[in-house]
J.: 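Dropping the structure in here first, questions after.
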Protein chains: 2
Amino acid sequence: KATMAPILLNCMGNDHNEYIKQQVHVKNPNLESMEEDVLYHLSLSTKTHNLPEMFGDIKFVCVGGSANRMKAFSQFIHQELKLPGNPEEISDICEGTDRYCMYKVGPVLSLSHGMGVPSISIMLHELIKLLYHAQCRDVVLFRLGTSGGVGLAPGTVVVTDKAVDYSFRPQFEQVVLGKVITRSTELDKGVANELLQCSSELQNIPTVIGNTMCTHDFYEGQGRLDGALCSFSNEEKLDYLKRAYEAGVRNIEMESTVFAAMCYACGLKAAVVCVTLLNRFEGDQITSPHDVLVEYQQRPQVLVSHFIKKRLGKAV
Amino acid sequence: KATMAPILLNCMGNDHNEYIKQQVHVKNPNLESMEEDVLYHLSLSTKTHNLPEMFGDIKFVCVGGSANRMKAFSQFIHQELKLPGNPEEISDICEGTDRYCMYKVGPVLSLSHGMGVPSISIMLHELIKLLYHAQCRDVVLFRLGTSGGVGLAPGTVVVTDKAVDYSFRPQFEQVVLGKVITRSTELDKGVANELLQCSSELQNIPTVIGNTMCTHDFYEGQGRLDGALCSFSNEEKLDYLKRAYEAGVRNIEMESTVFAAMCYACGLKAAVVCVTLLNRFEGDQITSPHDVLVEYQQRPQVLVSHFIKKRLGKAV
């Protein structure tokens, strides 16, 4: 393969071990012997696409639930990095499927993952294989999301310290062939602290580091009183949220534990950056005006964009 | 409210109890006292939309993962029911959000739910509240999906008998305020048998009734050897699939248990109709040509469309 040549050159000499360490790993020995790898839900394949050529220069991967939001982020980062070309013309790399959307802007990949652990899990399996096939190095991943706040003013950005489950444990339960195994949800502390430093250099991006609780539904699992099913009282809800707060939880969303667990298992540096849309101690419904919500949702984008610009030496 | 009048008339007389029984229920006493109910992920609200007027005549709700596929289904059922108007002009009722898409064609509502239990769960909470606010009656719900087959030829349609979890148990585990509760995943046997009868009246829709296993991921949980993470052998995979087959499992997908559980809890008749895209005993990757996969995905649509036409007295 012609695309192997520059990689092989990089492998020579003293930097070999360091180089190997920074490559994107998969934890699956079967992949090497596969003649073709179809990344079905991304509508890409090792046979039909030259993945090293298309994606080999990726250094930052930003993922979020909403396809529209991740397209907006790709256009925003295009402007921020002052790249040539028209940001309006950035096209969806996964246009062969409507499962996910993917946009590439220089060294930044922006893609959507839908809602919930299973949806982001499918995307992450195929994304990590993509980064591996493309021989990417030194990649940092960010989840940019929305969340319910726990004791915070709406609009606060939470950079996740520990991603925790419904019992406030920093772990993710994965079923493998009918057996439940537990994985660590450790995130990169260096990246989190760098993000907090970035927020202090920006106007109007109130940011805290705190624990993020990941649930498997939006209503009963998060203690909402307004779903189609609700069997508990307002007092029981507030008691659960209070216990979460005491365990260090500052926001609730639906993807952080598996995102942290899969990145950690594959040796990828990762951070979770979510804005809170409401304070759950004060209510359940998201009733802020549309333009206020839009501005809130831009805050993680502005923060991560600043981080990327600094890393690339492009921050003013 | 002007829209209440015809409903109140229906409530009079001897049919009162029968009428009440057939209404869509919610299991949440809080909803009655809420001044406004914002169905956030559908971009609808009881204050800004006249839900009884928009949705009061719905009798069939068809849901599926892919937005494109559910739009295609709405256009297909429009033609099949010989309704007036241009099927190309059917518009997305949830255009204010990109979380889900929703199309209404006469008495048929077609909407997307994304991938995985959490994603469909959010949609179902808000859909069931919508049907309740709209005062719908006698509604039947169908999930039309794709799946991996277990010991079946690709292209076979599976109408679900029991929706089972990773241990082949017909139950759904729901976390409520940090505690795990178990819900029944019973589906409507009458509707399932009626669908099987429909398949015998159609050409080229090979259909079986069998159990459907619902997993929370596409790779490790379904025993795939081709994810970014894989810690088991081909033999262990085949052993798990064989045990599933022996427990009556004929296909694997990612939404059926919560769909069955929530419909059952709210007294809604429901069926799961998924086509198999591959036989998992023979492989993991979906490699069939695009046009073959497109034809397979139309089979649940053709089957459910025939069911709807028969119920409406429109079948030839």
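Quick note on labels: first sequence line is chain A, next is B, and so on, each numbered from 1.
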J.: Does any heavy atom of chain A fall under 4.5 Å from the side chain of B:Leu177, the backbone, both, or neither of them?
T.: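 Backbone plus side chain of B:Leu177, per the 4.5 Å heavy-atom cut-off to chain A.
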J.: Any chance the side chains of B:His125 and A:Arg224 put a donor and an acceptor closer than 3.5 Å?
T.: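 Short answer, no.
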J.: Top residue by heavy-atom pair count (under 4.5 Å) with chain A, among B:Leu39, B:Asn68, B:Leu127, B:Asp98?
T.: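 Most pairs with chain A among the choices: B:Asp98.
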J.: To the nearest 0.5 Å, what is the distance between OG on A:Ser74 and CD on A:Gln301?
T.: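 Reported to 0.5 Å precision, the distance equals 9.5 Å.
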J.: Only pairs of heavy atoms separated by less than 4.5 Å count here; which of A:Ala228, A:Pro118, A:Ser231 has the most with chain B?
T.: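 Heavy-atom pair counts peak at A:Ala228.
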J.: With the side chain counted from C-beta on, respond yes when A:Asp92 and A:Tyr103 share a heavy-atom pair under 4.5 Å apart, and no when they do not.
T.: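 Side chain of A:Asp92 against side chain of A:Tyr103, heavy atoms only: contact under 4.5 Å found.
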J.: Which bit of B:Arg183 is near chain A, if near means a heavy-atom gap under 4.5 Å: side chain, backbone, both or neither?
T.: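 For B:Arg183, the contact with chain A is made by the side chain alone.
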J.: Which bit of B:His290 comes within less than 4.5 Å of chain A, counting heavy atoms only: side chain, backbone, both or neither?
T.: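 Contact with chain A is absent: no heavy atom of B:His290 under 4.5 Å.
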J.: At a heavy-atom distance under 4.5 Å, which candidate from A:Tyr132, A:Phe168, A:Tyr219, A:Phe232 has the highest pair count against chain B?
T.: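 Highest number of heavy-atom pairs under 4.5 Å: A:Tyr219.
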J.: Under 4.5 Å from any heavy atom of chain A, what part of B:Ile120 do you find: side chain, backbone, both or neither?
T.: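 For B:Ile120, there is no contact with chain A at all, as no heavy atom is under 4.5 Å.
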J.: Run the numbers on A:Glu95 and A:Ser43 for side chain to side chain contact (heavy atoms under 4.5 Å, CB included), then give the verdict.
T.: CA-CA 8 Å; A:Glu95 62 180 352; A:Ser43 200; over 6 Å; no
J.: Among B:Lys237, B:Met262, B:Glu126, B:Lys179, which has the most heavy-atom pairs under 4.5 Å with chain A?
T.: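 Max contact count across the listed options: B:Glu126.
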J.: Could you measure the distance from the CE atom of A:Met213 to the CE atom of A:Met254? Nearest 0.5 Å is fine.
T.: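 The distance works out to 11.0 Å.
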J.: If we count only N and O atoms by modelled type, under 3.5 Å, do the side chains of B:Ser45 and B:Glu36 hold a donor and an acceptor together?
T.: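 Yes.
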J.: On the ring face of A:Phe172, is A:Arg169 found with NZ or CZ under 6.0 Å from the centre and within 45° of the axis?
T.: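 Negative - A:Arg169 is either too far from the ring of A:Phe172 or too far off its axis.
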J.: Decide whether A:Gln222 and A:Asp284 meet the rule of one side-chain donor and one side-chain acceptor closer than 3.5 Å.
T.: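 There is no such pair (donor and acceptor under 3.5 Å, judged by atom type) between the side chains of A:Gln222 and A:Asp284.
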J.: Measure from the side-chain N and O atoms of B:Thr276 to the backbone N and O of B:Gly148, and report whether any donor-acceptor pair falls under 3.5 Å.
T.: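 Checking the backbone N and O of B:Gly148 against the side chain of B:Thr276, no donor-acceptor pair under 3.5 Å is found.
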J.: Kindly say whether B:Glu253 contributes a backbone atom to a donor-acceptor pair with the side chain of B:Ser147 at under 3.5 angstrom?
T.: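 Looks like no, no N/O pair under 3.5 Å.
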J.: Heavy-atom pairs under 4.5 Å with chain A - which of B:Thr215, B:Ile128, B:Leu225, B:Val117 has more of them than the others?
T.: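 Looking at each option in turn, the highest pair count goes to B:Leu225.
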J.: At a heavy-atom separation under 4.5 Å, does B:Ser66 approach chain A through its side chain, its backbone, both, or neither?
T.: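 For B:Ser66, the contact with chain A is made by backbone and side chain together.
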J.: Top residue by heavy-atom pair count (under 4.5 Å) with chain A, among B:Thr97, B:Leu241, B:Ile181, B:Leu31?
T.: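 Top count of heavy-atom pairs under 4.5 Å with chain A: B:Leu31.
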J.: Which bit of B:Val180 comes within less than 4.5 Å of chain A, counting heavy atoms only: side chain, backbone, both or neither?
T.: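 Contact with chain A is through the side chain of B:Val180 alone.
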J.: Please say which of A:His133, A:Gln135, A:Lys129 ends up in a side chain to side chain contact (heavy atoms under 4.5 Å, CB included) with A:Leu51.
T.: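 Exactly one pass, corresponding to A:His133.
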J.: Between A:Gly178, A:Gly116, A:Ser119, A:Gly221, which has the largest tally of heavy atom pairs under 4.5 Å with chain B?
T.: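 Most heavy-atom pairs within the cutoff with chain B belong to A:Gly178.
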J.: Using a cut-off of under 4.5 Å on heavy-atom pairs, state which of B:Gly227, B:Gly223, B:Ala67 scores highest against chain A.
T.: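 Counting heavy-atom pairs under 4.5 Å, the top option is B:Gly227.
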J.: Can you label the angle between the A:His41 ring and the B:Phe218 ring as parallel, tilted or perpendicular, going by 30° and 60°?
T.: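 Rings of A:His41 and B:Phe218: perpendicular, as their planes differ by over 60°.
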J.: Which atoms of B:Asp37 come close to chain A, meaning under 4.5 Å heavy atom to heavy atom: side chain ones, backbone ones, both, or neither?
T.: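 Both parts, backbone and side chain.
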J.: Chain A heavy atoms under 4.5 Å from B:Leu293: which part of the residue, side chain, backbone, both or neither?
T.: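 Interface part for B:Leu293: side chain.
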J.: Just so I understand: if I count every heavy-atom pair under 4.5 Å between each of A:Met34, A:Gln174, A:Arg243 and chain B, which residue has the most?
T.: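 When all of A:Met34, A:Gln174, A:Arg243 are compared, A:Gln174 has the most.
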J.: Which bit of B:Tyr240 comes within less than 4.5 Å of chain A, counting heavy atoms only: side chain, backbone, both or neither?
T.: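 The side chain, not the backbone.
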J.: Go through B:Thr287, B:Ile286, B:Val26 and name the one with the most non-hydrogen pairs under 4.5 angstrom from chain A.
T.: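 Most heavy-atom pairs within the cutoff with chain A belong to B:Ile286.
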